[in-house]
> 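Following this message is one structure expressed as structure tokens.
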Amino acid sequence: MPPKHDVTNPGARARCRHEGGEGALRVWISPHTPNVIQIDTPTVYNRTRWTVDQAREPRSVLDSAIRASELS
């Protein structure tokens, strides 16, 4: 099954809420390091809050990144 999200640079974004307000994390794979999944966050993990519905999106994005790295 092909990945659902395009995780090539600039990557896929997943919406979240953090201490500064609304934001998004970005999940991407560099063509130079296809076996490394990179996650850019708006803040540190322990200060980011996710509803159950919001958590489904980064889970889906990360799953796509893992599948994409397995295909390369």
> Name all residues meeting the side chain to side chain donor-acceptor pair (under 3.5 Å) criterion together with S30; count only those two or more places apart in sequence or in a different chain, and write none if there are none.
none

> So which atom in A68 and which in V7 form the shortest heavy-atom distance, rounded to 0.1 Å?
CB-CG2, 3.8 Å

> Between CD of Q38 and CG of L25, what distance do you get to the nearest 0.5 Å?
13.5 Å

> I'd like to know if R59 pairs up with D63 as an ion pair, taking the criterion as any Lys NZ or Arg NE/NH1/NH2 lying under 4.0 Å from an Asp or Glu carboxylate oxygen.
no

> With sequence neighbours left out, write down each residue that passes side chain to side chain donor-acceptor pair (under 3.5 Å) with R13, or none if nothing qualifies.
none

> By the salt bridge (Lys or Arg N to Asp or Glu O under 4.0 Å) test, which pairs, at least two apart or in different chains, include something from residues 31-40?
R26-D40

> Between H5 and R67, is the side chain to side chain contact (heavy atoms under 4.5 Å, CB included) condition met? List the steps.
CA-CA 10 Å; H5 302 278; R67 289 179 190 275; over 6 Å; no

> Going from CD on E22 to CZ on R15, what distance comes out if it is rounded to the nearest 0.5 angstrom?
6.0 Å

> For T8, what residues pass the side chain to side chain contact (heavy atoms under 4.5 Å, CB included) criterion, not counting sequence neighbours?
D6

> Are W28 and V61 connected, step by step, through hydrophobic side chains (Ile, Leu, Val, Met, Phe, Trp, Tyr) whose heavy atoms are closer than 4.5 Å?
no

